[in-house]
Amino acid sequence: AMLRDTLADRRVLLVVDDVADTEQLEPLLPGTSSCAVIAISRGVLATLPGAYHLRVGPMADAEAAELLRSIIGGRRFDEQAGAAHKLSQLCRGYPIIVRDVSAFLLVHEEIPLQWVVDAMMKEGGSIAKLTGTETQFSRTIRRCHSALSPRTQAALHKIASAGRTCFTADTVDRLTAGNSDLVIKDLLVAGLADSTYVTGDEPVYQLNEWLLAYLRTPKPAHADSEA
């Protein structure tokens, strides 16, 4: 109420990042048409009335490289250009991963970029073991996973254990005793899976590769206790 009163007679563009769901966003929405809101979310805010939805894909390699360069510094980037470009490619176009890698590099200025490239490739593109702590991206994935229903979490672990990246509704039905509609809806709304193509009459879905890496990484028993 205080925010709406403050914005009532102003023209303001409000940018809200990392929105978990519509319920979290609604109290921040201005009550006047003179203001606008850009809400950024991993999932789809499907129940938000009057919203225009724009899906933003991963950055191009050149964009990821430019973001990395802007954070770690042009001189360091240019002096190790080959490794720097490979490192930006390993981030798979995710700005949050570029920032995690950059944060590690800023703390460890003595480490060659090629060493980080080799270490990430050894770990399947993950930086988690390099830092020894939970990265911002891992924290985001964990929060998205924790928000899923127990049914969908169980289905995800079965899909990951089966070594699958792509799956169909029939696959989920066989793994979860007929809960495919609810599981697939949960994953799509959370932004953790995409509909990629159709084979025959059946859509094929693909899990986020970093979600799969998270699911396949051993974690302490309390790892999903935080929201």
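The figures here come from the full heavy-atom set of this structure, side chains too, leaving out hydrogens, waters and symmetry mates. Keep in mind it's a predicted model, so treat the numbers as computed, not measured.
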>> A side-chain contact here means heavy atoms from C-beta on lying under 4.5 Å apart; do Leu187 and Phe167 qualify?
In response: yes
>> Show the nearest heavy-atom pair for residues Pro27 and Gln24, with the distance to one decimal.
In response: CD-O, 3.5 Å
>> Could you report the tightest heavy-atom contact between Ala193 and Leu188, atom names first, then the distance?
In response: O-CD2, 3.4 Å
> Is any side-chain heavy atom of Val98 less than 4.5 Å from a side-chain heavy atom of Ser88?
Replying inline: no
> Can Ile159 and Thr165 be said to form a side chain to side chain contact (heavy atoms under 4.5 Å, CB included), step by step?
Replying inline: CA-CA 8 Å; Ile159 293 171; Thr165 300; over 6 Å; no
>> Quick check: do Tyr205 and Ile184 have side-chain heavy atoms less than 4.5 Å from each other?
In response: yes
> Which heavy atom of Leu68 sits nearest a heavy atom of Ala84, and at what distance?
Replying inline: CD2-O, 3.6 Å
> Under 4.5 Å between any side-chain heavy atoms of Cys91 and Val101, yes or no?
Replying inline: yes
> Can you find a heavy atom in the side chain of Arg4 that is under 4.5 Å from one in the side chain of Pro30?
Replying inline: no
> Which ILVMFWY residues are connected to Leu182, directly or by a chain of links, through side-chain heavy atoms under 4.5 Å apart?
Replying inline: none
>> Suppose we screen for side chain to side chain contact (heavy atoms under 4.5 Å, CB included). Which residues come up paired with Ala51, at least two apart in sequence or across chains?
In response: Leu48, His53
> Looking at residues at least two apart in the chain, or sitting in another chain, which of them share a side chain to side chain contact (heavy atoms under 4.5 Å, CB included) with Ser41?
Replying inline: Val19, Leu45
>> List the residues meeting side chain to side chain contact (heavy atoms under 4.5 Å, CB included) with Pro95, not counting sequence neighbours, and say none if there are none.
In response: Met59, Leu67, Arg99
>> For the CD1 atom of Ile141 and the OG atom of Ser146, what is their distance to the nearest 0.5 Å?
In response: 11.0 Å
> Out of curiosity, Thr168 OG1 to Asp173 CG, how far, rounded to the nearest 0.5 Å?
Replying inline: 8.5 Å
> With no hydrogens and no angle check, is any side-chain donor or acceptor of Asp61 less than 3.5 Å from a backbone partner on Gln89?
Replying inline: no
>> If the condition is side chain to side chain donor-acceptor pair (under 3.5 Å), which residues does Ser34 pass it with, not counting sequence neighbours?
In response: Thr32
> Can you tell if the side chain of Val204 reaches within under 4.5 Å of the side chain of Ser195, non-hydrogen atoms only?
Replying inline: no
> Quick one: salt bridge (Lys or Arg N to Asp or Glu O under 4.0 Å) pairs with a partner in residues 15-25, sequence neighbours left out?
Replying inline: Asp18-Arg143
> Ala65 and Phe77: which non-hydrogen atoms are nearest, and at how many Å?
Replying inline: O-CE1, 3.5 Å
> How would you list, by chain and number, every residue that makes a side chain to side chain contact (heavy atoms under 4.5 Å, CB included) with Asp5, sequence neighbours excluded?
Replying inline: none
>> Please report the interatomic distance CD(Gln206) to OG1(Thr196), rounded to the nearest 0.5 Å.
In response: 5.5 Å
>> Side chains of Leu156 and Leu207, heavy atoms from C-beta outward: is any pair under 4.5 Å?
In response: yes
> What is the minimum heavy-atom distance between His145 and Gln153, and which atoms define it?
Replying inline: O-NE2, 3.0 Å
> Taking only residues at least two apart or on different chains, which pairs with a member in residues 22-52 satisfy ring pair (Phe, Tyr, Trp, His ring centres under 6.0 Å)?
Replying inline: none
>> Suppose the criterion is salt bridge (Lys or Arg N to Asp or Glu O under 4.0 Å): which pairs have a residue in residues 68-82, not counting sequence neighbours?
In response: Arg69-Asp78, Arg75-Glu79
> Should Asp170 and Arg174 count as an ion pair when the cut-off is N to O under 4.0 Å?
Replying inline: yes
> Roughly how far apart are His85 NE2 and Leu90 CG, rounded to 0.5 Å?
Replying inline: 13.5 Å
Taking distance alone, no hydrogens or angles, what donor-acceptor pairs closer than 3.5 Å link side-chain atoms of residues 109-121 to residues at least two apart or in another chain?
| from | atom 1 | to | atom 2 | distance (Å) |
| --- | --- | --- | --- | --- |
| Gln114 | NE2 | Asp118 | OD1 | 2.8 |

> Which pairs pass salt bridge (Lys or Arg N to Asp or Glu O under 4.0 Å) with one or both residues in residues 187-197, sequence neighbours excluded?
Replying inline: Arg55-Asp194
> Leu28 versus Leu3: any side-chain heavy-atom pair under 4.5 Å?
Replying inline: yes
> Counting distance only, does the side-chain N/O of Thr152 pair as donor-acceptor with the main-chain N or O of Leu148 below 3.5 Å?
Replying inline: no
> When hydrophobic residues are tied together by side-chain contacts of less than 4.5 Å, even through go-betweens, does Ile72 share a cluster with Phe104?
Replying inline: yes
> With clusters built from Ile, Leu, Val, Met, Phe, Trp and Tyr whose side-chain heavy atoms come within less than 4.5 Å, directly or transitively, what are the remaining members of the cluster of Ile40, listed by chain and number?
Replying inline: Leu13, Val15, Ile38
>> I need the Leu192 CG to Cys144 SG distance, nearest 0.5 Å.
In response: 5.5 Å
